Amino acid sequence: MQVGSRSLLSGNEAIARGAVEAGVLVAVGYPGTPSTEILESIADRVDMEVRWSPNEKVALDVALGASLGGARALVTMKHVGLNVASDTYMTAAYTGVGAGLVIVVADDPGMHSSQNEQDTRAYARMGGVPLLEPSDASEAKEYTAIAFAISEEFDTPVLVRTTTRVSHNRGVVEVGSRADRPATGFVRDPAKYVMIPGHARARRPVLLERLERLTDYVEASPLTIESGDDAGFGVVTSGIAHHYVREVLPDARILKLGMSYPLPMNRIRAFSESVDRLFVVEELDPHVEDAILAAGIAVEGGTFFSRVGELSPDAVRGGFATAGILPAQPSAEAAPPTVARPPVLCPGCSHAPPFLVLKRIGAVVTGDIGCYTLAALEPLAAMDTCVAMGSSIGMAVGLAASGGAEGPVVATIGDSTFLHGGIPGLADAVYSQANITVLILDNGTVAMTGGQEHPGTGVTLQGSDTTPVNLMALCEALGVRDVRVVDPYDLAATYTALESAIAHVGPSVVITNRPCVEAPTKIRDRPFQVISEACTACQGCMTLGCPSIVWSEETYEGRRKVVIDPVTCTGCTVCVQLCPPLAIVAVPDREDAASV
Amino acid sequence: MSSSSRGLLLAGVGGQGVVLASMIVADALLRAGHDVKQSEVHGMAQRGGSVFSHIRWGSKVDSPLVPLGSAEVLAAFEWAEALRWVPYVQEGGAVVADIRTIVPPGACSDRRSWSTRYPDVDAQVFDCRHLKTRLIDATATATELGNVRAANSVILGSLAAFLDIDLLHWEAAIEGLVPRGTEEVNLAAFRAGREVADARLPRLASAPEGFSGPHEIDIRHEWCKGCDICSRVCPEYCLELDVDGKLAVVNAKACTGCRLCELLCPDFAIEIHPPPAPVVLGAPVLSR
Amino acid sequence: MSETRLVQGNEACALGALAAGCRFYGGYPITPSSEIAEHMVRLLPGVDGVFVQMEDEIASLAAVIGASLAGSKAMTATSGPGFSLMQEHIGFATMAEVPCVVVDVMRGGPSTGLPTSPSQGDVMQARWGTHGDHPAIVLAPSSVGEVFDLTIRAFNLAERFRTPVIIIYDEIIGHTRESVVLSESVEVESRLSPNGDPAAFWPKLAPGDGVPPLPAFGDGYRFHVTGLTHDERGFPTTDSAEAGALITRIHRKVEVHREEISEVETFMLDDAEIAIFAYGIVGRSAREAVQRARSAGVKAGLIRPVTLWPFPYSSVAEVASQVDTLIVSEMNLGQLIGEVERAAAGRAEIVGHLRADGEPITPTELLDVVMSSGGSRP
Amino acid sequence: MTDVKSYLRDWTMPHVLCPGCAHGIVLRAFLEAVDQLQLDRDKLAMVAGIGCSSRLVGYVDFCTLHGTHGRAPAFATGLKLARPELNVVVVTGDGDGLAIGGNHLIHAARRNIDITVLLLNNAIYGMTGGQAAPTTPEGAVASTTPAGNTEPSFDACKLLIGAGASYVARVLAATPIEMTKVMADGMSHRGFSFIEVLSDCPEYYGRYNNVGGGAEMLTWLARRDAGVAGPLSSKGFVKHVPSSATPAGMMTGVLKREARPVFAGVRRIEPDES
């Protein structure tokens, strides 16, 4: 990226660029949509440490440590990641920082790729930590720099909250140069950094006093922007919602909040007095609206704008139409009938076959967060719970303890998720000698977020080799007596392994060993094809849900036969094992074809 | 209505390269001197799900999202996705659609009651909106040019025909963003896409008669020798041998009537009977 | 109408087969029977019959059985080594009760032996060659004319009793040309066809004289034919009562019709004190020897079985009780002589004149035997 | 569509074959083919030799001839020549058809008589207790090869192609509709058609060689099937299984189809003759 150029960057890339320009020396995080690309986009930098941590809490610990060492530190995660990191987060607000510490949290309104829709702004208030809300790529870079400045000026961690639409929105960004900020060194200060009750008690008033100063700052800050000249009503808004309002009401009076915690309530009050009706347009929770109401200012918002899902220009237009600000909308043209297209596991995904086996066994399956969560959907339909990172094992322990499960209890968890939050659960399974089986679906990457490295892969984010965690040895060291590794592409072997592991009394672990077919490198073996003459149209192969297996033009007894898309088929052979009439065979390679 | 911001949509299926294509469009617009915002969703949706990208441009762009009914062009990389996103297109706008069909696995089983129907490829669905349509077979065109993976550039070429951007900016954007070594074929595909004629529509992709309900499994126990082949081949695990080696129907409702057990029973001991009255399938599943 | 022609023995066999209604010939070349095939291949097309040269004798008789099940009268012809190979299917045809005719033109043996010389070495093989308990019908012509007649008779017996019938003669008869009266109006037997509901048809149900009716494949009766021991429906059984009933019936259908099947020629036996027992070509030498002995004043006679099997025990016993000496002459080292001894049961002195050297037994040497066996007595 | 069970002599059922023996699957596929072709069951003659596969003819309601070991093609030759309007189908096994009856099989093929031979290859003598057959793979255990078979095995289809069969195909017992299609195709072919069906013997082969029971053996068949075959339909297809799973190369599909004069006794019927 050329300094001074105008580049088209995504919000995430812009944050990363902002951190680079801010002279950040340590950037850490745990992958999670929609935050992942922040670190990935600077993985190739040699002038800073860019690392994946095993989980968000560790990431924040690392970043806080770096900060105390005098290096500017960036930590990134998705909204639910902050739940994991919240333990450190809440107390980091007490300790304050050394050099600047910025926590970027990407929310996912609409739950495009998440298990809930929580609003990070609530954490800002709970922790007493300032929160900035950029609304596009350009602001994302700008606000990151401001966040570091605030962090150091006020001795506090700073939250930068984006949403999917900000993180994954590309806009024009002007590229600046990197500031040279060498680490200033660690200064011993136990009263500030050792949060024993006696010290912490002293830090609580410091935090509250800091908040007051931050409120003064935001009242005067250029982060709060007033625009428009249309009298009659005004709109307080922040983040991406700001653009939707501008889109719908180009000339309206708008108070845009660049920092949404703490709030510039004096400016809001002044703004409210200049208009007849005051609206708040914010995504998800009525964070700003409640605060304004609590300040005794009349405001409208939640009545007109849904708390469920994402806002959009159309939703904002609809809200203002209901409020009588805009004329009523003619109802939009209905889409022509089309077909639902939920996400599916990739062709050749090594996660799919074990779930077929679990379905066959009739196991009660506690699931976890990752691609394999898609196994909950038809046609696999073989997952019964999915709550949070690492929850599967503890839940399995509990489910087994309840005696309420009708089949064997199996926890399924990915390699990265296991290292993230599964290990304590397995320790508990050993500790309580729970009669469960833990299936670790080791595909050697964090697949769901696009294939990141983790402590089990032996490679760092910046591409250098490191010591991988040995999952099998780890499980054995935890005290699991029955640990086995199986090739998930071999259905019979997987069946046998799971059956034996389930038969084992006490906790057992089965580890699958096929890599993700998409990352780190695309795996494409010789594709397979269906011999139409042999296909009985039983569609048994379709119980796998492989996207490469689709309908054929031909039918048998009124039912569609199948074909395999040779471009996307990875040659994993699982469907071959599912085809009783042996109608699936490999496409011959050129040499074979020539010898026919 | 928005000031000067214009909008277009790209839509396709996860894995088709919608994101890269939209980056090329955004880059070309940027090179043409516009303010540009482009927004897509990725993550889980990329796993074979529906992927779309909004692109807005003009002197100053606010919302990265295109309001409903305001896009000038929709470029769809797949037929069902064209239908899904067409409400974003403004009256009289344009639709560039690849006639390629990717039937999602969930809609690909006509043996289960949850079958959904894949829409027919038929340009007439756009008539009511007075849309300009261009239905192309990008895969065929790219294959003719020697690289099937350049199909997306064919679609971009067709899209470009509806936008007033200098060819130079397009070419620069393509050269800058496509994988190294594929610049030439992608440029050729792009040029071909500008000229490409409407495709001949494929045969209608309608599903055959829908699932008729669980079938009845009739076992002739006196002929059964308990070899277990049937239970091992049943895709729905309807059959099992009990401890005495006697065959039993354990999940009658799941039988889809595939007849594998019947065809592969060496002892003629299984008969599958269709249900008396066919179950009428529900209306096709609509998105949004 | 009849025609008198000079024909070879093997040709007469072919002509007789045709006259009997044979429409299928399957065979494999072997000396001294090959001319039968060579005549059949010329004759059969004229009557819409089928000739096939098979890959071996096993296949030849299998094809014949197949053709017979398809409704054709069918035959094969061979010589010793080939006859050995056919034993498997003679047994099958017996068990499955499939009519067919097998001609064995005997040559010197064992093994390849003397391919171009005569012999009577196969008479016991014709009876006992195939394994298991089984009946046998074996005819032994002694002249070209008799070859013609007995071939017709063989087909008639095969069809009548649903069983294979063997014609056995030696190389000399096969290769001899004689003038023969070829009758055009021969009596031809057809196999018994079922009438009734095809669905209720049991192929091995024989309520009458032990011979069940036999429809052809393709006639609307769908039934099973097997070499396994089977029940009256034709399906395999291991039930001892059913197995015993089947084997007994197959035996009895021949045994109880012994009189109908059996044919014995006698010559100058009425007052004979010494008799010759001979069959086939030796029967003809014996006839001349008897005539010459009579000229010399010796009361000699001849008994010649035309049907070798079932063996004419009662006829032989009758002769034995009448004569002092019974000379048994065979072109082997003693096969039917044992049966003669069994029938005679000590009532006459049995003298064997047995040779197996590839040379025919002449009237002169038989006369010598007659004379030296007490025939010289006044 | 007729219920194929109506072609069975149901009073003879259940058949004698062992649990998991795929011969019954083959029989069913054959009956489906008979039904598809709408053959007159009075005019369908099935001829068999001796062995497990040959027992099949006892269960079907046609004209059936359960002959002697290996000789079925010879019986069938007589039947067909004597009564050409019959559809004649031979059912034989690998030992029956290729060892004791090999001579008859190749000569029937050479003559190009218009019959169909189904050879059910289970790679062992089943009826007699699991002795090695001409098709037992090298190294495989049989009751007469306790230390593993040291003889090379026949490729029946190559043998029959060499013998001049005008139609040669190989199918797997696990592929019922492909079997039916090929059987119907083979029976419709004018001239000698030979169809080898890779079947199983769980009782002996499966047990001796640790392959497993019927279900496992059906899968195992695919691993025997490794080769490449020519077109069954005009579209053409090829079959292949990854090399790691292919101990022995056996092509499947229609391997040969040729129009040549059909043997009918003294004269021959030219391919274009009706």
Side-chain angles (χ1 to χ4, degrees), chain C residues 23-26 40-46 48-74 76 88-89 91-93 95-96 98 100 198-199 203 215-228 230 233-236, chain D residues 7 9 11-12 16 40-50 54-55 57-88 90 100-111 113 115 263-267:
Chain C
R23 293 296 177 266
F24 186 93
Y25 182 95
M40 289 303 275
V41 75
R42 286 168 177 77
L43 292 169
L44 280 169
D48 278 340
V50 178
F51 171 91
V52 60
Q53 180 175 318
M54 296 299 287
E55 54 273 14
D56 59 27
E57 287 85 351
I58 301 170
S60 299
L61 187 48
V64 163
I65 293 168
S68 181
L69 283 170
S72 283
K73 292 187 180 180
T76 185
E88 178 186 20
H89 286 147
F92 181 85
M95 185 63 144
V98 183
C100 57
F217 275 16
D219 279 355
Y221 291 85
R222 299 190 296 272
F223 61 103
H224 187 52
V225 177
T226 178
L228 282 168
H230 45 270
R233 276 180 118 161
F235 292 100
Chain D
Y7 292 103
R9 294 162 169 153
W11 69 89
T12 61
V16 297
D40 179 350
R41 60 176 87 188
D42 287 338
K43 302 289 183 197
L44 178 55
M46 290 188 79
V47 185
I50 300 297
S54 297
R55 293 300 288 266
V57 300
Y59 303 101
V60 289
D61 191 19
F62 306 123
C63 294
T64 52
L65 171 53
H66 177 217
T68 51
H69 202 15
R71 322 299 178 201
F75 284 101
T77 298
L79 259 182
K80 180 69 182 178
L81 290 176
R83 196 141 193 180
E85 80 265 28
L86 290 176
N87 284 297
V88 180
V90 168
I100 188 166
N103 197 32
H104 309 304
L105 189 59
I106 59 173
H107 285 282
R110 175 182 59 79
R111 288 183 191 104
I113 186 162
I115 64 173
F263 175 69
V266 286
R267 62 192 208 97

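Chain letters run A, B, ... following the sequence lines, proteins first, then strands; residues in each count from 1. Hydrogens, waters and symmetry mates play no part in the numbers below; they use all other heavy atoms, side chains included. If you're wondering where the values come from, they're calculated on a predicted model, not measured in any experiment.
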For the atom pair [atom1] ([X]) and [atom2] ([Y]), what is the distance rounded to the nearest 0.5 Å?
X	Y	atom1	atom2	result
Arg233(C)	Arg9(D)	CZ	CZ	10.0 Å
Leu69(C)	Thr64(D)	CG	OG1	10.0 Å
Ile65(C)	Thr68(D)	CD1	OG1	7.0 Å
Phe223(C)	Leu65(D)	CZ	CG	9.0 Å

Under 4.5 Å between any side-chain heavy atoms of [X] and [Y], yes or no?
X	Y	answer
Leu228(C)	Arg55(D)	yes
Asp56(C)	His107(D)	no
Phe92(C)	Arg71(D)	no

Under 4.5 Å, counting heavy-atom pairs only, tell me which of [options] racks up the most with chain C.
options	value
Asp61(D), Val88(D), Asn87(D), Ile106(D)	Asp61(D)
Ala45(D), Ala72(D), Gly67(D)	Gly67(D)
Lys43(D), Lys80(D), Arg111(D)	Arg111(D)

Contacting region of Val60(D) [heavy-atom separation from chain C under 4.5 Å]: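 Interface part for Val60(D): neither.
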Segment of Leu86(D) engaging chain C (4.5 angstrom heavy-atom cut-off):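 The side chain, not the backbone.
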If you count heavy-atom pairs under 4.5 Å between each of Val52(C), Ile58(C), Asp48(C) and chain D, which one has the most? Ile58(C)
Contact leader toward chain D among Ala59(C), Gly227(C), Pro198(C), where contacts are heavy-atom pairs under 4.5 Å: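 Max contact count across the listed options: Ala59(C).
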Check whether [X] gets within reach of chain D through its side chain, its backbone, both or neither, counting any heavy atom under 4.5 Å.
X	value
Phe217(C)	both
Pro236(C)	side chain
Arg23(C)	neither

Closest heavy-atom contact between [X] and [Y]?
X	Y	answer
Arg83(D)	Ala216(C)	NH1-CB, 3.4 Å
Arg222(C)	Cys63(D)	CA-SG, 4.1 Å
Gly66(C)	Leu79(D)	O-CD2, 3.3 Å

Assess whether a salt bridge exists between Arg110(D) and Glu55(C), defined as any Lys/Arg side-chain N lying under 4.0 Å from an Asp/Glu carboxylate O. no
Can you say whether the rings of Phe75(D) and His89(C) are parallel (under 30°), tilted (30 to 60°) or perpendicular (over 60°)?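 The rings of Phe75(D) and His89(C) stand perpendicular, inter-plane angle above 60°.
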